[in-house]
Undergrad: 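To start, I am sharing the structure in question, which I have written as structure tokens.
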Amino acid sequence: MKKWIISALVISMLAGCGQKKNEEPEETASPEPVEEVQGAWVKKPGELNIDAVKDMDAFDQVEIAYEGGTVLGDEERIGMPQEWYETGYENNAVVIEKDGKHGVYDYNGNQLFVPTVNVHSTPFAKGITMAKVKNAEGNWVYAYGYCNSTISSAVVFTPDFTAVTDVPFADYQFAPYSDTSAMPYFAIVDGTFGVLTPGKNEDGSASGSYSFAPYSGTGLTRNMIVPVLDPMYKTVSRVVVFQNGSIGPNVLEDLGTYQTASYANGYYRLKYSDTTIFIHAESATQIGWAYHDAKNFSSGYAPVKRYGYWALLNENGDEVTDYVFNDIMGVYNGKAYVRVGKQWGIINVGQAVERGRNLTWTALFGTEKSEPLGTLTVHVADLNFRTGPDPSYEAVGNSVPNSAYPVYETTEASGYTWYRIDENVWLPSEGTWATFEKGVLNADEGPDIPAR
């Protein structure tokens, strides 16, 4: 699927932004003020008065019972993070940080648990996070809670996040995967699905040797991403193994080696050095662009990052918001926490899309963008976006090769030509890093950015 992006849209929230003053009528017709999309903001940036929002998930792998022990696996994540490890927690919640303390809010901005959990009080303090907790039956289960090294017990949330219960400190493991080098994991060897077990030295450390055995258990609860290993037990690609143990098509083989992968709600998220792509698992096709960063699909949308800013991608591979956000959390029931500058708000993208409207700059803020002087095409990777026309200004993102940006102003400083591509966002060139052309970039003439 080929689409074109013409600019990085970034915003600086100014007092009074979003409302146009009434002016005396002129002889020539003037454009009508643009109103915000009805219901676009559940909470506007600044109304929440919080410092940060964090995802509820914590671990990349899960443990599955295997012949009296456990084996690591990369299961498909289904639903929201609170469902990924069958924790039984409600989905309508995020962890927020305010004044160095964690609390829990819902997706309407309501406070479920008061921000009282200190994030920085001791070396072991992590605030609210997922952990492994021993339940009344003596089994280890996943739960949300908090603890620190100065107390002899930990605290675990009830499923609705509105109350807590105490558990013994020994029954709370807030980082169960601190060392996985000697733990067995699922793999494909010579076309067979099984368990690869690293050898151990007398002190329990990994010896560098391995043993492999076909998997005959029935402990899989979801589809999985499993590495395919060569005779030296090095990963060469990955495949899907279905819940019944059968091996699916190797849709990832042609993509080569990648650093990390996840499999959530029917989509692979594959990360290379500075590139992230989505693959629709069933059709084995790429969805959307290659992105600088991305988060998993949930509720039909995935946060994606280009030009240093975030937008939301739908399952058709279309951006349904402009690239105007400094950060976006996962979508739940059509709503998402978004950061504009240093301020957090909540958008109702689901309601806007249902009404046939994308959340554009004008839809979100009720203001028009000024017309650009021309187009800047960047030829190099990782050219810093800065808040002003000088290397001393803060870097707020970086470019990708062959990307194009609108230019609203130019100036010379510190041996560079600086191009303002949006409000308080500048790119430099020493003459070869980028090319400036007068005129406005047409949406159908933008550069195609390769997936790799």
Undergrad: Looking at residues at least two apart in the chain, or sitting in another chain, which of them share a salt bridge (Lys or Arg N to Asp or Glu O under 4.0 Å) with Glu409?
TA: Arg420
Undergrad: Give the table of side-chain donor-acceptor pairs shorter than 3.5 Å for residues 427-435, with sequence neighbours excluded, one pair per line with atom names and distance.
TA:
residue : atom : partner : partner atom : Å
Ser429  : OG   : Gly431  : N            : 3.1
Ser429  : OG   : Ala434  : N            : 3.4
Glu430  : OE1  : Thr432  : N            : 2.7
Glu430  : OE1  : Thr432  : OG1          : 3.0
Glu430  : OE1  : Trp433  : N            : 2.9
Glu430  : OE2  : Thr432  : OG1          : 3.0
Thr435  : OG1  : His379  : NE2          : 2.6

Undergrad: Tell me, please, which residues at least two apart from Glu412 pass side-chain hydrogen bond (donor to acceptor under 3.5 Å, both in side chains).
TA: Thr417
Undergrad: With a 4.0 Å cut-off, would you call Asp51 and Lys101 a salt bridge?
TA: no
Undergrad: Go through the structure and list residues passing side-chain hydrogen bond (donor to acceptor under 3.5 Å, both in side chains) with Lys98, not counting sequence neighbours.
TA: none
Undergrad: Do Thr221 and Glu75 have side-chain atoms, one donor and one acceptor, less than 3.5 Å apart?
TA: yes
Undergrad: So, Thr360 versus Asp322: side-chain donor-acceptor pair below 3.5 Å or not?
TA: no
Undergrad: Would Asn108 and Lys335 count as having a side-chain donor-acceptor pair, cut-off 3.5 Å?
TA: yes
Undergrad: Can a cation-pi geometry be assigned to Lys44 and Trp344, taking NZ or CZ under 6.0 Å from the six-membered ring centre and within 45° of the ring axis?
TA: no
Undergrad: Quick one: CG on Asp99 to CG on Asn118, what's the gap to the nearest 0.5 Å?
TA: 11.0 Å
Undergrad: How would you list, by chain and number, every residue that makes a ring pair (Phe, Tyr, Trp, His ring centres under 6.0 Å) with Tyr172, sequence neighbours excluded?
TA: none
Undergrad: Just to verify, what does Asp160 make a salt bridge (Lys or Arg N to Asp or Glu O under 4.0 Å) with, not counting sequence neighbours?
TA: none
